[in-house]
Enquirer: 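I'd like to ask you about the structure that follows.
All values below come from the heavy atoms of this structure, side chains included, with hydrogens, waters and symmetry mates left out. Quick note: residue numbers are just sequence positions, from 1.
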Amino acid sequence: MKENKSVLRIHRVTILGKRYESAQVQAAVVLLLPTLVAIILLFIAPVVQVVAYSFTNYNLTTGMKSYNGLANYEYLFTDDRFFKAIRNTFSFAALKLVIDTSLALAIALMLDSAIPLKKYLRSAYFAPVVVPVVASSLIWIWFFDPGIGPFNQILTALGLPTSQWLYHESTALLSILMFSIWKGLGYNVVLFLAGLQNIPNSYIEAAQVDGAKPHQVLFMIKLPLLRPIISFVLMIGIINTFKVFAEVNVMTPKGGPLYSTALMVNYIYDTAFTSGKMGRACSASIILFIIIFVLTLVQTKLDARKSISLE
């Protein structure tokens, strides 16, 4: 007597050259659908809308909207305020990246060594990161006050000339730079410190046995092994510095004295919500996106060298 065996047929689907069970595909679709809907509604649709608005004269005040081609871009490339915002942004970004990265690396090297109160110092350096930007900006406005601010009082006590800080065009952007470095330094310190502690002690001990001096250990072992962390810090730094807005808007409203602190995001905000010219602001947003994309792409290409493995 032959035993009847039921044969279970499994339907398979080919996707990108690979075969999957239909049940797996259905489960994947169900799980991915909420994320896909969120991405479409919160990212793709707004981006498409911004690109479309950049070719119109859309005005928030009147509600008028009509196609005007490249008129918005032509205006931006002849607008002195826009070019000043670009210059301020590049100057701010370059100084912040150099100072922030160098200072964070130096502090991380210090915290990685045997020093007293190391745990408390780590918390102290990271504490400003968790403080809201608006709250800390208001506190620093008082620090920068030319009359009663602690900074000028310290300079006076040391017999040094005082400064107008936020209230003079030559020092306003540098004052915001000081605040921005203080605010975000701890994040980079933590990243560098994590990278340093991930370096095997055997590498350093072997170098010391061979007679390597501390500076040779730093430049020949630690910094090369920290290359992925440095690359990540620079990439995130480029993106974040070109998106700075809150501290500038709080500490120096309307771009500060003679528009000396206005960055590109501030220009976009003022154009869109103060002047009501949303189409022109969308065009400026597209230009900002292109700048950030090109800079991050260049940074990634420059870093695409032979990586060093810890294995």
Enquirer: Only counting residues at least two apart or in another chain, list the ones meeting side chain to side chain contact (heavy atoms under 4.5 Å, CB included) with Ser54.
Expert: Tyr73, Cys282, Ser283, Ile286

Enquirer: Atom CZ of Phe192 and atom CG of Asp112: how far apart are they, to the nearest 0.5 Å?
Expert: 13.0 Å

Enquirer: Once rounded to the nearest 0.5 Å, what's the spacing between atom CG of Leu111 and atom CD of Gln197?
Expert: 9.0 Å

Enquirer: Ser260 and Lys84: which non-hydrogen atoms are nearest, and at how many Å?
Expert: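 So the minimum-distance heavy-atom pair works out to CA-CE, 4.3 Å.
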
Enquirer: Working to the nearest 0.5 Å, report the span between CE of Met235 and CG of Asn240.
Expert: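 Going from the CE atom of Met235 to the CG atom of Asn240 covers 10.5 Å.
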
Enquirer: Can you give me the closest heavy-atom contact between Gln216 and Gly211, atom names plus distance?
Expert: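 Closest approach of Gln216 to Gly211, heavy atoms only: OE1-O, 4.1 Å.
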
Enquirer: Got a donor-acceptor contact below 3.5 angstrom from the Thr56 side chain to the Tyr67 backbone?
Expert: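 No, because the side chain of Thr56 does not come within donor-acceptor range (under 3.5 Å) of the backbone of Tyr67.
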
Enquirer: What residues form a ring pair (Phe, Tyr, Trp, His ring centres under 6.0 Å) with Phe245, not counting sequence neighbours?
Expert: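 Tyr269.
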
Enquirer: Is the backbone N or O of Lys277 less than 3.5 Å from a side-chain atom of Asn59, with the two atoms forming a donor-acceptor pair by type?
Expert: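 Not confirmed, Asn59 side chain does not pair with Lys277 backbone.
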
Enquirer: Can you name the closest pair of heavy atoms from Ala281 and Ile268 and give their distance?
Expert: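 For Ala281 and Ile268, the tightest heavy-atom pair comes out as CB-O, 3.7 Å.
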
Enquirer: Closer than 3.5 angstrom, by distance alone: can the side chain of Thr89 be matched with the main-chain N or O of Ala85 as a donor-acceptor pair?
Expert: yes

Enquirer: Check whether any side-chain heavy atom of Val189 sits under 4.5 Å from a side-chain heavy atom of Phe126, and report yes or no.
Expert: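 A side-chain contact is absent here, since even the closest heavy-atom pair is not under 4.5 Å.
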
Enquirer: Search all heavy atoms of Ile229 against all heavy atoms of Gly195 and return the closest pair with its distance.
Expert: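 Between these two residues, the closest heavy atoms are CG1-CA, 4.2 Å.
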
Enquirer: Taking Asn88's backbone N and O only, do any of them form a donor-acceptor pair with Ser91's side chain (distance below 3.5 Å, no angle check)?
Expert: no

Enquirer: Just by distance, do the side chain of Lys183 and the backbone of Ser137 share a donor-acceptor pair under 3.5 Å?
Expert: no

Enquirer: Pairs of donor and acceptor atoms involving the side chains of residues 139-151, under 3.5 Å and at least two apart or interchain, shall be tabulated with distances.
Expert:
from	atom 1	to	atom 2	distance (Å)
Asp145	OD1	Gly147	N	2.8
Asp145	OD1	Ile148	N	2.9

Enquirer: Would a distance-only check, ignoring hydrogens and angles, find a side-chain to backbone donor-acceptor pair under 3.5 Å from Asp79 to Arg81?
Expert: yes

Enquirer: To the nearest 0.5 Å, tell me how far Ile99 CD1 sits from Leu103 CG.
Expert: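 That separation rounds to 8.5 Å.
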
Enquirer: Hey, any chance Leu42 and Val50 share a hydrophobic cluster, counting ILVMFWY side chains that come within less than 4.5 Å of each other, even indirectly?
Expert: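 Leu42 and Val50: separate clusters.
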
Enquirer: How close do Leu155 and Thr162 get, counting heavy atoms only, and between which atoms?
Expert: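 The answer is CD1-CA, 4.1 Å.
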
Enquirer: Please table the atom pairs, donor to acceptor, closer than 3.5 Å between any side-chain atom in residues 128-136 and protein atoms at least two apart or in another chain.
Expert:
from	atom 1	to	atom 2	distance (Å)
Ser136	OG	Pro132	O	2.9
Ser136	OG	Val133	O	3.0

Enquirer: Please say yes or no: joined through hydrophobic side-chain contacts below 4.5 Å, possibly via intermediate residues, are Phe77 and Ile291 part of one cluster?
Expert: yes

Enquirer: Under 3.5 Å, which donor-acceptor pairs do the side chains of residues 217-225 form with other protein atoms, sequence neighbours left out?
Expert:
none

Enquirer: The test is side-chain contact (heavy atoms from CB on, under 4.5 Å); show your working for Val248 and Leu173 and say whether it passes.
Expert: CA-CA 9 Å; Val248 176; Leu173 189 61; 5.8 Å; no

Enquirer: Taking atom CZ of Phe289 as the centre, does the number of heavy atoms from other residues, nucleotides or ligands within less than 6.0 Å exceed 12?
Expert: no

Enquirer: For Pro46 versus Leu41, what's the shortest heavy-atom pair and its separation?
Expert: CD-O, 3.3 Å

Enquirer: What I want to check is whether the side chains of Asp80 and Tyr259 have a donor and an acceptor closer together than 3.5 Å.
Expert: no

Enquirer: Any sub-3.5 Å donor-acceptor pair from Ser180's side-chain atoms to Ile176's backbone N or O?
Expert: no

Enquirer: Is there a side-chain contact (heavy atoms from CB on, under 4.5 Å) between Val244 and Val265? Walk through the geometry before answering.
Expert: CA-CA 7 Å; Val244 169; Val265 179; over 6 Å; no

Enquirer: Would you check, one step at a time, whether the test side-chain contact (heavy atoms from CB on, under 4.5 Å) holds for Leu191 with Asn188?
Expert: CA-CA 5 Å; Leu191 292 176; Asn188 291 339; 4.3 Å; yes

Enquirer: Could you check Asn72 against Tyr58 for side-chain contact (heavy atoms from CB on, under 4.5 Å), going step by step and ending with a plain yes or no?
Expert: CA-CA 10 Å; Asn72 292 328; Tyr58 180 29; over 6 Å; no

Enquirer: Grouping I, L, V, M, F, W and Y whenever their side-chain heavy atoms are under 4.5 Å apart, do Leu160 and Trp165 come out in a common cluster?
Expert: yes

Enquirer: Would a hydrophobic clustering, with Ile, Leu, Val, Met, Phe, Trp and Tyr connected at side-chain separations under 4.5 Å, put Ile39 with Val37?
Expert: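 The answer is no; the residues belong to distinct hydrophobic clusters.
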
Enquirer: Please name all residues satisfying side chain to side chain contact (heavy atoms under 4.5 Å, CB included) with Leu31, sequence neighbours left out, ordered by chain then number.
Expert: none

Enquirer: Is it true that atom CE of Met64 has more than 12 heavy atoms of other residues, nucleotides or ligands lying nearer than 6.0 Å?
Expert: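 No, because the 6.0 Å sphere around CE of Met64 holds 12 heavy atoms or fewer from other groups.
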
Enquirer: Pick out which of Ile238, Leu226, Leu105, Thr101 makes a side chain to side chain contact (heavy atoms under 4.5 Å, CB included) with Val233.
Expert: Thr101

